[in-house]
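Report on the following structure.
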Amino acid sequence: MSRLRGKIGLIAPNSEIAALAKRVSSEFEGILDVYEGNLEEGVKAARSALTCGSEVFISRGATAYLIETELKTPVVQIVFSGVDLIKTVEKAKQFDSRFAFVGHENLFKELEGPYVFFGYTLHIEKFKEYNDIKRIIHNAYTTNNIKVFMGGEAVVKTARELGLKGILIECGIESIKRAVLEASRLAEMKAIESERYLQFKAITEHSSEGIMFVDNNEKVVYMNPAAKNMFLKKTRLNEHAGQLAIKDLLPKLEKTVRAGKPSFQVYDSISDTKIIANYIPLVLGSAKLGGLVSFQDITRIEELEKRIRREQYAKGLVAKYTFDHILTYDSRLTKILAYAKRIAQTDSSILITGESGTGKELMAQSIHNASPRKNGPFVAINCAALPENILESELFGYVDGAFTGARKSGKAGLFELAHMGTIFLDEIGDIPLNVQSHLLRVIQEKEVVRIGDDRVIPVNIRIISATNKDLGQMVKQGKFREDLYYRLDIIRIKLPSLRERIEDIPHLCNWFIRHYCHTNKIPLKTMSKGALNLLKLYSWPGNVRELQNFMESLVIFTDREPVIDEKTVEQLLQDKLNNNQLSELQSEYRTLINGAKSEAGILRKYEMQSIKEVLQKVNGNKSEAARILGISTTTLWRRLKSINPDGQLREM
């Protein structure tokens, strides 16, 4: 038998039933307590049982009725079985051919009588109150000449006092078992109801959200502590001064409550506190039961958000940069930024591609801060920086004992930490294949399972990944999962290299000069036009990151010089270039200052240099080259023909 809940008190009206009940109690794991007492004595026994924890009672006839009436508690009747009745009738037949069952109306709800069978007549006599028994027996005797009466202790006693025959209806053990099973179901329902009430009470009593129930007359019938604290402390209203109406508390909800229609995000105020309220009507079938009003203190929510943001900053789970930090005058990058601002409003996965140093994480942080998730965490990880086993535990977390050296308390993974925010997977092309499989499951199911655990943790995150590798080519080579690739590459943003936007170099240089002069407490300096032109001629394979590091060195190197000239720039560039590269750069610079090449020519030179590098990489396949460059094949041909009419790329 499954474990039953609740406590049952069986009030036996006589010693025979008590003895049977005690035999039955051993089968019900201690939930059944047996007491003996008839009528008023039974009620006293039930009161005693209540103090011992009984929640449901079992009894018979008038005793059951009295317990239920006086104690207002559920009572299960011991119903006579067919066998019990047959045995009693057999006894009655020995004395007369006419006899009557006398019992409380609860026992004979569907029986009226008299019944005639095999030459015997059986009358059914019902009573509601104990005091009615004597009158009913007397009337049956004088009216129908009935001399034999069957029933409980009170019926037998009364019949004998009137000089008539009284036969006690005995009940069998099966009748008691059925009553206990029925009572246990009631006790189980009461236990479930009590649990739900406690859960409801815990939710409402400890919720920071204000909760009120309003009846059909728009009167407030319940307020949780948060609501009382809000209304009764900030207003002059008194909950004991009469039932409060919704119009007294939230006037803007009065029409909504009256109409019985749901309403959400209604702005109102309590004294000087701004709140946002919701109303939900409660309907059971066709019956309206009033409604539920919930509201929150907007000021408190803002304070909590600020605290969460401070905590996230302390943990480093924030995005510091926005689109305002991306400095450009380049038309191509400007279009990319406009596109990125639009897609920031979606929840789709984003793949940012571009050479190392082009600002992929800067773009990822900007997208996060422009998205609806901006108040959530921003979690970044460099997938190439960690060994395979550490990367997996960092991403997905682990439990105690998952592996040697695991923290005893376990550890939440980065996907858990990024819940309701964004996770940035930098250098995604370097993630091992077996970790790719785990990552794919997380993306598909939106669930994380820590290493060494079987518990599923739901996560709500946006994934932004970045790479400087050709993932499509890696898929063909079997180095990257195709299904994961398509999951990550929903929206692609390709960032141009610095040599593709050389018109931004002067602006970036001036910004870095101001920044590093301020940081190092050096007087502000400027750059000569020649120095800027020389920097525009350099190819910057490390892109903006390389330029930033170079400018920091340049500012410190020229700390006492008010102007940075081309000679100083050339001197520092010597550390980056071999002799041939330096000679070529100097030659280009001399050509430029002699006027033989315009700045547009410099742009064409590096555009063609980029095209040349890509075409060499794909063995001259122009369709593949156009895809990598992010342009159409027609555009690629047009750019080639603008330099060489035959469309062929010659050595430069």
Side-chain angles (χ1 to χ4, degrees), residues 319-345 350-371 374 378 380 424 426 464-468 491-519 524 526-527 529 531-552 554-555 564 569 598-611 613-614 628-631 635 639:
K320 297 183 290 184
Y321 301 109
T322 67
F323 285 113
D324 292 337
H325 291 93
I326 302 177
L327 179 63
T328 186
Y329 290 88
D330 177 70
S331 59
R332 180 179 172 185
L333 184 54
T334 300
K335 291 178 181 177
I336 291 171
L337 292 176
Y339 175 62
K341 290 175 183 177
R342 293 202 310 273
I343 64 172
Q345 303 307 310
I350 299 173
L351 177 63
I352 305 174
T353 64
E355 296 178 8
S356 179
T358 49
K360 295 187 286 295
E361 181 166 358
L362 181 62
M363 176 64 74
Q365 291 195 23
S366 300
I367 291 172
H368 171 80
N369 277 330
S371 76
K374 63 183 178 181
F378 178 87
F424 175 57
D426 199 8
I464 301 178
S465 49
T467 184
N468 58 8
I491 297 173
R492 179 180 291 197
I493 295 176
K494 184 180 185 300
L495 296 180
S497 63
L498 186 56
R499 61 181 173 275
E500 295 175 272
R501 43 183 280 235
I502 62 173
E503 63 268 34
D504 281 342
I505 290 177
H507 306 291
L508 290 169
C509 288
N510 288 328
W511 193 93
F512 289 135
I513 287 172
R514 290 194 299 272
H515 174 71
Y516 289 116
C517 283
H518 174 74
T519 302
L524 186 62
T526 59
M527 289 190 77
K529 185 177 181 180
L532 289 172
N533 284 334
L534 191 59
L535 291 178
K536 287 193 286 184
L537 288 170
Y538 178 54
S539 61
W540 299 108
N543 294 290
V544 178
R545 185 186 294 121
E546 182 184 7
L547 176 63
Q548 180 178 357
N549 295 338
F550 181 82
M551 292 307 300
E552 182 178 6
L554 193 60
V555 167
I564 301 172
V569 171
S598 66
E599 189 159 308
I602 297 173
L603 285 168
R604 282 198 303 272
K605 170 185 181 295
Y606 284 103
E607 179 183 44
M608 294 310 297
Q609 181 176 324
S610 180
I611 292 172
E613 290 174 357
V614 173
I628 294 172
L629 291 165
I631 60 177
T635 301
R639 291 184 181 179

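Side-chain atoms are counted along with the backbone in the values below, which use heavy atoms only and exclude waters and symmetry mates.
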Distance check, rounded to the nearest 0.5 Å: [X] atom [atom1] versus [Y] atom [atom2]?
| X | Y | atom1 | atom2 | answer |
| --- | --- | --- | --- | --- |
| I343 | I367 | CD1 | CD1 | 5.0 Å |
| L327 | L333 | CG | CG | 9.5 Å |
| L532 | C509 | CG | SG | 5.5 Å |
| I326 | T334 | CD1 | OG1 | 10.5 Å |
| N510 | T526 | CG | OG1 | 8.5 Å |

Donor-acceptor check, side chain of [X] to backbone of [Y], threshold 3.5 angstrom: yes or no?
| X | Y | value |
| --- | --- | --- |
| D426 | A380 | no |
| H325 | T322 | yes |
| K360 | G354 | yes |
| E503 | T328 | no |
| D504 | L498 | no |

How about [X] and [Y]: do any of their side-chain heavy atoms sit closer than 4.5 Å?
| X | Y | answer |
| --- | --- | --- |
| M527 | L554 | yes |
| V555 | T519 | no |
| I513 | I564 | yes |
| I491 | Y339 | yes |
| V544 | F512 | yes |
| T353 | T467 | yes |
| R501 | L508 | yes |
| I350 | M363 | no |

Problem set entry | Partners meeting salt bridge (Lys or Arg N to Asp or Glu O under 4.0 Å) with E361 (sequence neighbours left out) | none
Heavy-atom pair of closest approach, residues [X] and [Y]:
| X | Y | answer |
| --- | --- | --- |
| G357 | N543 | O-CB, 3.4 Å |
| S539 | R499 | O-CB, 3.7 Å |
| F378 | A364 | CE1-O, 3.9 Å |
| K320 | Q365 | N-OE1, 2.7 Å |
| N369 | Y321 | ND2-O, 2.8 Å |
| S371 | A344 | CB-O, 3.0 Å |

For this session: For Y516, look at atom OH and say whether over 12 heavy atoms of other residues, nucleotides or ligands are found less than 6.0 Å away.
Result: yes
For this session: Anything under 30° is parallel, anything over 60° is perpendicular, the rest tilted; go ahead and classify F550 against W540.
Result: perpendicular
For this session: Report the relative orientation of the aromatic rings in H515 and W511; use parallel for angles under 30°, tilted for 30 to 60°, perpendicular for over 60°.
Result: parallel
For this session: Can you sort out the partners of R514 under side chain to side chain donor-acceptor pair (under 3.5 Å), two or more places apart, ordered by chain and number?
Result: none
For this session: Would you check if there is a donor-acceptor pair between the side chains of T358 and E355 at a distance under 3.5 Å?
Result: no
